[in-house]
Amino acid sequence: MGNFLADKVIAVTGAGRGIGRAVALAAAAEGARVVVNDHGVSIDGAEPTSEVADSVVAEIARAGGSATAVADDIATMAGGQRLVDVALAEYGRLDGVVCVAGILRERMLFNMSEEEWDPVVATHLKGTFTVFRAASAVLRKQGSGTLIGFTSGNHQGSVAQANYSAAKGGIISLVRSAALGLHKYGVTANAVAPVARTRMSANVPMELKEIGEPEDVAALVVYLLSDRAREITGQVYTIAGPKIAVWAQPRELRAGYAEGSWTPEKIADFLPGTVGVDPMPMLAALEEMARAARAGDRPNTANRLNTGDRDRPNTGDRANTGDRDRPNTGDRANTGDRPNTSDRANVGDRPDA
């Protein structure tokens, strides 16, 4: 056992599989007492079971650590609050929360139903909010603590996962808002956009050049939860095998000014040659992504992917768990759609999906 997180109490959602499980195990190995949350659902959010959370708790106990399981659905306010309440009841304090739980429902935007939109946003974005909401009230009074959300490179946009992409972008804004609002109370908030080999990344048709393992992501999370990272807040980090990167803060790229009021004609003459555009990196990759999807390629399965590579999308988040690989949340439903996720590029360019 290490001591990077000695005496801390950490709650992890989506901790039954994949990245969430790796985070729970790593935190316990570094001395933390861990609340393991997983609603135990399939990748699309169906068939909940508490067995996955219980198995991780047992694994931690066998290694000499301390953990307790909570199988509640954190897409509900009651579920988020219970996660925090259990930590306080079992261990008397809370030092950090890590929201990895997530699910997938892949569908082109023009075919996506409300039933495919709502559960994904509820699991990823609302599921992060419910835990942050309950935890921040405790951490504020305590005068210390860490909130960690899981996002994805897909916050840049996705061909066939508008629901997932929108939720992941929302998590980044939520994290930055938490960092601003809780800074004076000594509480930090950061986001992780992992690229790791999970059951979700195995469905991505294009080879991900930069990819790591869930344990790589867990190492970054443990660091962010530790006292050695207490000055870091409002950041988004990607870890992909041997690579760690920080995402830029949003800022204006270029500006132009008019003499007098703007008119459509004046903007049409002025904008293209001055303010211009900021090209979307993903647009350039669409043709190859579509080809790979049509061919049914699956180059990122564990037996073919080489781990030093890095571009592996993961997703973490509940259902995924964090890329965890299995969404945690359950609840809701089904799909038939092939979940691909991609932490960087997704693709489901399947117009018929």
Asks: Donor-acceptor pairs under 3.5 Å, side chain of residues 249-257 to any protein atom, not counting sequence neighbours: which ones?
Replies:
residue : atom : partner : partner atom : Å
Gln249  : OE1  : Arg176  : NE           : 3.2
Gln249  : NE2  : Gly234  : O            : 2.9
Arg251  : NH1  : Gln249  : O            : 3.3
Arg254  : NE   : Val275  : O            : 2.8
Arg254  : NH2  : Val275  : O            : 3.2
Arg254  : NH2  : Val277  : O            : 2.8

Asks: Measuring only between side-chain heavy atoms, which start at C-beta, is Val221 closer than 4.5 Å to Val192?
Replies: yes
Asks: For Phe270, does its backbone N or O pair with a side-chain atom of Thr274 as donor and acceptor, under 3.5 Å?
Replies: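 Pair found, side chain donor or acceptor close to backbone of Phe270.
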Asks: So if I apply the side-chain contact (heavy atoms from CB on, under 4.5 Å) rule between Tyr223 and each of Ile232, Ile244, Leu5, which one comes out positive?
Replies: Ile232
Asks: Would you say the side-chain atoms of Thr76 pair up with the backbone N or O of Asp73, donor to acceptor, closer than 3.5 Å?
Replies: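 A pair under 3.5 Å: yes.
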Asks: So, using side chain to side chain contact (heavy atoms under 4.5 Å, CB included) as the criterion, who are the partners of Ala67 when residues are at least two apart?
Replies: Val34, Val36, Val57, Ile60
Asks: Considering only residues two or more places apart or on different chains, which pairs with a residue in residues 80-104 satisfy side-chain hydrogen bond (donor to acceptor under 3.5 Å, both in side chains)?
Replies: Ser66-Tyr91, Asp72-Arg82, Gln81-Asp85, Arg93-Asp95
Asks: With clusters built from Ile, Leu, Val, Met, Phe, Trp and Tyr whose side-chain heavy atoms come within less than 4.5 Å, directly or transitively, what are the remaining members of the cluster of Ile172, listed by chain and number?
Replies: Val236, Trp247
Asks: Please check: side-chain N/O of Asn37 versus main-chain N/O of Val12, any donor-acceptor pairing under 3.5 Å?
Replies: no
Asks: Can you tell me how far the CG atom of Asn163 sits from the OG atom of Ser113, to the nearest 0.5 Å?
Replies: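 The OG atom of Ser113 is 9.0 Å from CG of Asn163, to the nearest 0.5 Å.
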Asks: Listing request: all salt bridge (Lys or Arg N to Asp or Glu O under 4.0 Å) pairs with a residue in residues 124-151, at least two apart in sequence or in separate chains.
Replies: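 Output for this query is empty, none listed.
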Asks: Can you check whether Ala162's main-chain N or O pairs, donor with acceptor, with Ser165's side chain at less than 3.5 Å?
Replies: no
Asks: Could you walk me through whether Thr188 and Leu147 pass side chain to side chain contact (heavy atoms under 4.5 Å, CB included), step by step?
Replies: CA-CA 6 Å; Thr188 62; Leu147 307 174; over 6 Å; no
Asks: Are there over 12 heavy-atom neighbours, none belonging to Leu109, within less than 6.0 Å of that residue's CG?
Replies: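 It does not: Leu109 CG has 12 such atoms or fewer within range.
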Asks: Give a yes or no on whether the backbone of Leu180 and the side-chain of His183 come within a donor-acceptor separation of less than 3.5 Å.
Replies: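 No, His183 side chain to Leu180 backbone: no donor-acceptor pair under 3.5 Å.
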Asks: Do you know which two heavy atoms are closest between Phe129 and Met77, and how far apart they sit?
Replies: CE2-SD, 3.6 Å
Asks: Would you confirm whether Gln142, through its side chain, and Leu94, through its main-chain N or O, come within 3.5 Å as a donor-acceptor pair?
Replies: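 Side chain of Gln142 to backbone of Leu94, a donor-acceptor pair under 3.5 Å: yes, one is there.
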Asks: Going by the angle between their ring planes, with limits at 30° and 60°, are His124 and Tyr164 parallel, tilted or perpendicular?
Replies: perpendicular
Asks: When you measure from the side chain of Gln156 to the backbone N and O of Gly153, does any donor-acceptor pair fall under 3.5 Å?
Replies: yes
Asks: Which heavy atom of Gly149 sits nearest a heavy atom of Phe132, and at what distance?
Replies: N-CZ, 3.7 Å
Asks: Going only through I, L, V, M, F, W and Y residues with side-chain contacts under 4.5 Å, is there a path from Leu271 to Met280?
Replies: no
Asks: I'd like a table of donor-acceptor pairs (distance under 3.5 Å, sequence neighbours excluded) in which one partner is a side-chain atom from residues 258-269, with atom names and distances.
Replies:
residue : atom : partner : partner atom : Å
Thr263  : OG1  : Lys266  : N            : 3.0
Lys266  : NZ   : Glu259  : O            : 3.1
Lys266  : NZ   : Ser261  : O            : 2.9

Asks: Identify the heavy atoms of Ile74 and Thr123 that sit nearest to each other, and give their distance.
Replies: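 Closest pair (atom of Ile74, atom of Thr123, distance): CD1-O, 3.9 Å.
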Asks: For the side chain of Ser55 and the backbone of Val52, is there at least one donor-acceptor N/O pair under 3.5 Å apart?
Replies: yes
Asks: Restricting to side chain to side chain donor-acceptor pair (under 3.5 Å), what partner residues turn up for Thr130, sequence neighbours left out?
Replies: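 Counting only residues at least two positions away or on another chain, Thr130 forms no side chain to side chain donor-acceptor pair (under 3.5 Å).
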Asks: If every non-hydrogen atom of Ile171 is compared with every non-hydrogen atom of Phe150, which pair is closest and at what distance?
Replies: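 Looks like CD1-O, 3.3 Å.
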Asks: May I have the step-by-step check of side chain to side chain contact (heavy atoms under 4.5 Å, CB included) for Thr146 and Val187, ending in yes or no?
Replies: CA-CA 6 Å; Thr146 302; Val187 178; over 6 Å; no
Asks: Got a sec, which residues hit side chain to side chain contact (heavy atoms under 4.5 Å, CB included) with Ala179, two or more places apart in sequence or on another chain?
Replies: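 Only Ala189, Thr233 meet the side chain to side chain contact (heavy atoms under 4.5 Å, CB included) criterion with Ala179.
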Asks: Measure across Met108 and Ala160 and return the closest heavy-atom pair with its distance rounded to 0.1 Å.
Replies: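 Reported closest heavy-atom pair: SD-CB, 3.7 Å.
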Asks: Taking side chain to side chain donor-acceptor pair (under 3.5 Å) as the definition, give me every residue that meets it alongside Asp227, ordered by chain and number, with sequence neighbours left out.
Replies: Lys8
Asks: Taking all non-hydrogen atoms of both residues, which atom of Ala32 and which atom of Ile10 are closest, and how far apart?
Replies: CB-CG1, 3.9 Å
Asks: Test side chain to side chain contact (heavy atoms under 4.5 Å, CB included) on Thr13 and Asp38 and set out the steps.
Replies: CA-CA 6 Å; Thr13 73; Asp38 201 304; over 6 Å; no
Asks: Show me the pairs that pass salt bridge (Lys or Arg N to Asp or Glu O under 4.0 Å) and involve residues 54-68, at least two apart or across chains.
Replies: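 Pairs touching residues 54-68 that pass the test: Arg21-Glu59.
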